[in-house]
Amino acid sequence: MRCAPNPNGPWHVGHARMPAVIGTYRERYDGWFCVRFDDTDPETKRPDLEAYDAILEDLEYLGFEPDATYKASDRLETYYDHARELIDLGGAYTCSCSGEEFSELKNSGEACPHREKDVETVREEFAAMIDGEYESGEMVLRVKTDIEHKNPALRDWVAFRMIDTPHPREEASEYRCWPMLDFQSGIDDHLLGISHIIRGIDLQDSAKRQQFVYDYFDWEYPEVVHWGHVQLDDYEVKMSTSTISELIERGELDGWDDPRAPTLKSLRRRGIRGEAIVEAMVGLGTSTSDVDLAMSSIYAANRDLIDEETDRRFFVRDGNQVPLAGDPPAEANPPLHPNHEERGVREIPVGDSVMLEAEDLPEPDAEDTRLWLKGLGGFELEDGALRYATDDLDVVREEGVDVVHWVPADGRVPLRMRTIDGDVTGHAEPGVADLEPDELVQFERVGFARIDRHESDEEDDAETVAYYTHP
RNA sequence: GCUCCGAUGGUGUAGUCCGGCCAAUCAUAUUGCCCUCUCACGGCAAUGACCAGGGUUCGAAUCCCUGUCGGAGCACCA
């Protein structure tokens, strides 16, 4: 099988579907898969030189290593050879009609005069195309199909055209005569021994077009599956390489790994495992209709992978400072993970005031102003201060006192958490300053996050940056 | 306009080829309960779907027709 990306930028989430599915099939059926960059349009789909590696990186993140990698722009001579052969078989002709002219003839099912040229002339003109003797638009090579085919999309389609703009890859920059996708990909699929092709419904007619070429060469066409488009919920930003690229250029996104961008680099930075994405993608199946992928299914798969091994920490968003009273313990020792006592406990010096999320602070005139600070003890709000009341958990177990997370006012770590919907600031418990970048945590009652970096500027203002993973 | 393709709960999916075992599978989401010093994990439960109408048949999610809705192609893009 093959994955044939157009190297126009790093991958968005939707691109993960192809490798996810063919990679999974490879393992299941002991198959083979390659990546083939179909970069045969140096102009309107101009390849981005950095995208080749970016895509391979994304693939690695998903957990796959292709058995082989090709670039169509390295294989022009192969395409030329097959085109010559096709000409000799009487299956192609050079045509100098303008796109419009031809389109009109085609739509009324009429052949253009060039169709009946003798093979010798076609051969010469095609050689001239390869030598770059025509300008863009002057001459194309068409595959002779059936000019009266009931589906106009299949009538005598273009196989090669002239492009004046040099290819960005130096190795391919001298070529001017470029194959169209249907020709290039059709030839390559056979030459590379592809047995099964999966592609989008936008390429529904490709197999039928290419079948004409396969018939001339007496080749057998691979099995084909067409699938619909994937849409993602949860994102403001449209899942489209060009849109994301524009937003980055305009400075509205920080880059391909901005948490607001629906890209693989972004999910990676948020601490989501490639494996979880693959699982969600495989779950979509290969149906022809368009599908909506719920981010929650990626999150569910990821949570499954990380929950057991991820330690717990406190992070208070925004936060109101509340003084403590009544002589509470000097240190709190909540466990690193509730299901794994053996990992030990955190050591949080309490001090004389704490930060709480605004929502968690009881109204002063509420019926019950009691609160249990997780890992510390029971308190009651009195005159704007939290008075230590008990270390007896029964007030939680039997009297339904709310359990909340908190951080000490002293030693708290300023933290900025980057999310899909923008940044959230607040404070984390002291130990968070010592976590290694790339470590995952679960902020209790907030969600999972990946520690990205610890920043400190000249003014001594330290700030830890984390990327929100998911609830 | 011409040509293709599709339609199962909020989402995804199984079942459709070869009609009965489907008062429709599984996952996720939602809600409730249990567990729990988290609204995480785990356990239990509930809600929730065969696009519509005809036809064939003893019997239709499954076969046929029509309609509706949705998608795609008709590029010297991929």
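On a predicted model such as this, the values are computed, not experimentally measured, just so you know. Below, chain A is the first sequence line, B the second, and so on; all start at residue 1.
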message: Using whole Å, what does the distance between atom P of nucleotide rC4(B) and atom CG of D202(A) come to?
response: 18 Å

- line: Rounded to whole Å, the CD-C1' distance (Q204(A) to rA78(B)) equals 16 Å

field: Integer angstrom distance from the C1' of rA52(B) to that of rU68(B)
entry: 7 Å

- request: Please state the P separation for the pair rG10(B) and rG55(B) - nearest whole angstrom.
  value: 29 Å

- prompt: Of the candidate nucleotides rU38(B), rC37(B), rA75(B), which contains the atom at the shortest distance from the side chain of V396(A)?
  reply: rC37(B)

- request: Between rA78(B), rC77(B), rA40(B), spot the one nearest the side chain of R303(A), thanks.
  value: rA40(B)

Same-atom distance (C1') from rA40(B) to rC35(B), integer angstrom: 13 Å

field: rC64(B) and rU16(B), which share atom name C1', separated by this distance in whole Å
entry: 14 Å

- prompt: If the C1' atom of rU11(B) is compared with that of rG67(B), how far apart are they to the nearest Å?
  reply: 28 Å

query: Has the side chain of R312(A) got a donor or acceptor atom sitting under 3.5 Å from an opposite partner on the base of rU38(B)?
result: yes

- request: Please tell me which of L203(A) and A153(A) maps to the more 5' nucleotide of RNA chain B, matching each residue to the nucleotide holding its nearest heavy atom.
  value: A153(A)

side-chain N/O S103(A) vs rA75(B) OP1/OP2, d < 4.0 Å: yes

query: Given the C1' atoms of rU8(B) and rU13(B), what is the spacing between them in whole Å?
result: 9 Å

task: Classify the nucleic acid contact of N339(A) as base, sugar-phosphate or nothing, counting any heavy atom under 4.0 Å across all strands shown.
output: base

field: Which nucleotide in rG6(B), rA75(B), rU38(B) has an atom nearest any side-chain atom of M180(A)
entry: rA75(B)

message: Between rU30(B) and rG54(B), how many Å separate the two P atoms, rounded to a whole number?
response: 39 Å

task: Measure from the side-chain heavy atoms of K106(A) and tell me the nearest of rC77(B), rC74(B), rC37(B).
output: rC74(B)

task: Please check the phosphate of rC4(B) (OP1 and OP2 only) for any side-chain N or O of K150(A) closer than 4.0 Å.
output: yes

- prompt: Between rG42(B) and rG9(B), how far is it from one P atom to the other, in whole Å?
  reply: 27 Å

message: Is it the case that the base of rC77(B) and the side chain of K45(A) share a donor-acceptor contact (distance under 3.5 Å, atom types as modelled)?
response: yes

- request: Indicate whether OP1 or OP2 belonging to rA40(B) is found under 4.0 Å from a side-chain N or O atom of T310(A).
  value: no

query: Which part of the nucleic acid, if any, lies within contact of C177(A), taking any heavy atom under 4.0 Å across all strands shown: a base, the sugar-phosphate backbone alone, or nothing?
result: nothing

